[in-house]
Amino acid sequence: MTTTETPDTLQRILDYSSRADPYPLYAELRKTPVARQEDGSYVISTYRELTDILHNPHLSSDVRNLSRPMPAMEARATPAFINLDPPEHDRLRRMAMRHFGPPHTPGLVTGLEPDLTAIVSRLIDGFAGKEQIDIVDDFAYPFPVTVICHLLGVPREDEPRFRLWVNAIIDSIDYNPRTDPKEKLDNGVQATKDLRQYLGGLLEQRHGRPGEDLLSRLANDDGPDGRMTDEEIVSTANLLLIAGHETTVNLITNGMLTLLRHPEVLQRLRDEPDLVVPLVEELLRYEPPVHIIPWRAAYSDITVADTVIPKGSQIMLMLASGSRDPNRFHEPDHFDPDRRDNQHLGFGSGIHLCFGGPMARLETQIALTELVRRLDGPRLVADPPPYRRSPVLRGPIHLHIEQSGGQ
């Protein structure tokens with residue numbers, strides 16, 4: 001496995017024209033598991049090499065370890081734990097998880113199931129009488145946004161304000177100074193500042209007023225690691241607000257699109273509701289919500305396969321390509337909800353394994369089960385549907401379907 005220059009394949013993947021189906025290009029990219037780019041960065045695209053490096057302690061998530069400076073959204077702010085390395089990453093993630101899951105709050109996610117089902121039912125009730133529905137705007141977006149607002153303690157009525165900021169931030173994630181206008185980055189930087197200021201204002205209202213929402217818990221509870229600073233709480237809330245709905249929107253939408261493309265599986269789910277658990281795992285492999293980790297840094301020289309990646313190099317991780325690697329998965333381009341040994345990379349791997357994975361799984365399981373049960377003869381209006389611009393968080397921006405009428 002030698003290192004070669006493959007900028008053409010990567011640029012074609014990043015180009016919007018490939019958004020509807022990047023998978024043939026991923027197969028092309030996998031011919032060189034570790035590919036050096038013209039700018040000195042490295043792209044890793046095969047399952048074994050991705051899992052190896054995601055568990056390598058010499059891989060850094062801290063932008064300060066890159067030898068070549070890059071535009072950083074949070075360069076002047078306290079980074080979220082996803083952009084830090086141990087021991088700081090471990091401390092902050094542990095402090096956040098204390099209020100989000102086991103062992104301290106083991107029933108948080110499963111205890112929300114009745115509320116999640118009620119939200120889904122109300123949204124589907126709103127489809128009544130409509131011959132055409134946008135799964136994104138009418139369902140997959142408002143559902144997880146409502147949930148994460150409730151969990152964090154963010155007023156749901158403020159959604160129109162923070163949606164603009166979140167969209168600008170997401171748009172700037174894959175900013176390329178060689179091809180993108182600087183306005184794209186500037187808008188993302190300003191949106192980050194605005195969202196942090198907004199969350200900081202909510203946090204100020206929580207001090208000295210213990211409550212059940214996550215902002216209140218972080219502001220008032222001292223655990224074994226002490227208490228986060230206000231800047232750390234705002235960074236954590238910023239991360240959870242964005243990641244807590246953006247990825248789930250894509251997972252639900254990609255899931256419904258996949259089921260409509262596989263009507264035999266849709267019918268099976270209708271007849272066998274328990275199928276939804278392995279089905280969602282297969283979706284996380286087959287049509288994941290996050291395709292690319294745009295950068296990581298090498299703490300020191302790292303050997304991956306037969307390639308030495310020099311200290312300070314930027315490393316791009318093609319997670320969705322790894323989950324379609326035929327050397328790891330049998331018939332990887334086949335959607336198989338009965339697949340066994342499905343250790344996909346849909347939520348990443350290693351110390352940065354998706355914090356909100358259990359919540360996203362449950363939300364998607366409930367959403368798809370109820371949509372399939374209640375929609376009457378759903379059909380795609382356009383295939384492929386229009387996609388979001390981002391190659392990183394990949395999913396349809398709209399998914400219009402028709403139904404025969406009523407649920």
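With salt bridges taken as basic N to acidic carboxylate O contacts below 4.0 Å, none links Arg196 and Glu231. Salt-bridge annotation for Glu272 and Arg268: present, with a side-chain N of the basic residue lying under 4.0 Å from a carboxylate O of the acidic one. Under the 4.0 Å criterion applied to side-chain N and carboxylate O atoms, Arg328 and Asp341 are assigned as salt-bridge partners.
Within a 6.0 Å radius of CD in Glu183, no more than 12 heavy atoms belonging to other residues, nucleotides or ligands are found. Atom CZ of Arg48 has 12 or fewer neighbouring heavy atoms from other residues, nucleotides or ligands inside a 6.0 Å radius.
Taking the side chain as every heavy atom from C-beta outward, Leu202 and Val154 approach each other to under 4.5 Å. Arg98 is listed as a side-chain neighbour of Asp221, based on a closest heavy-atom distance under 4.5 Å. By the 4.5 Å heavy-atom criterion applied to side chains, Leu368 and Leu283 are counted as neighbours.
At distances below 3.5 Å, not a single donor-acceptor pair connects side-chain atoms of Ser60 with backbone N or O atoms of Tyr299.
The side-chain tip of Arg285 points at the ring of Phe329 from less than 6.0 angstrom away and within 45° of straight on. Geometric assessment of Arg324 against the ring of Tyr23 yields a positive cation-pi assignment under the 6.0 Å and 45° thresholds.
Contacts classified as ring pair (Phe, Tyr, Trp, His ring centres under 6.0 Å) and involving residues 247-283 (residues at least two apart or in different chains) are given here: His262-Phe335. Sequence neighbours left out, the pairs with a member in residues 352-369 that pass salt bridge (charged side-chain N to carboxylate O under 4.0 Å, His left out) are Glu281-Arg361.
Note: His245 and Tyr141 have perpendicular aromatic rings, judged against thresholds of 30 and 60 degrees for the angle between ring planes. In this pair, Phe139 and Phe143 present their aromatic rings tilted. The plane angle is within the 30 to 60° band. The aromatic rings of His89 and Phe81 lie perpendicular to each other, with more than 60° between the two planes, well past the 30° mark.
Considering Arg94, Arg93, Arg91 in turn, Arg94 is the only one that fulfils the salt bridge (Lys or Arg N to Asp or Glu O under 4.0 Å) rule with Asp225. Screening Arg217, His150, His99 against Glu212 for a side-chain hydrogen bond (donor to acceptor under 3.5 Å, both in side chains) leaves a single residue, Arg217.
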**Request:** Report the C-alpha separation of His58 and Ser300 in whole Å, then their side-chain angles, then the decisive distance to 0.1 Å, and conclude whether the side chain to side chain donor-acceptor pair (under 3.5 Å) test is met.
**Result:** CA-CA 6 Å; His58 296 278; Ser300 59; 2.9 Å; yes
**Request:** Test Arg30 against Ser45 for side chain to side chain donor-acceptor pair (under 3.5 Å), laying out the working first.
**Result:** CA-CA 5 Å; Arg30 284 194 297 272; Ser45 56; over 6 Å; no
**Message:** Using the rule given for side chain to side chain donor-acceptor pair (under 3.5 Å), can you reason through Asp15 versus Ser18, listing the C-alpha separation, both sets of side-chain angles and the distance that settles it, and then say yes or no?
**Reply:** CA-CA 6 Å; Asp15 190 87; Ser18 302; 5.3 Å; no
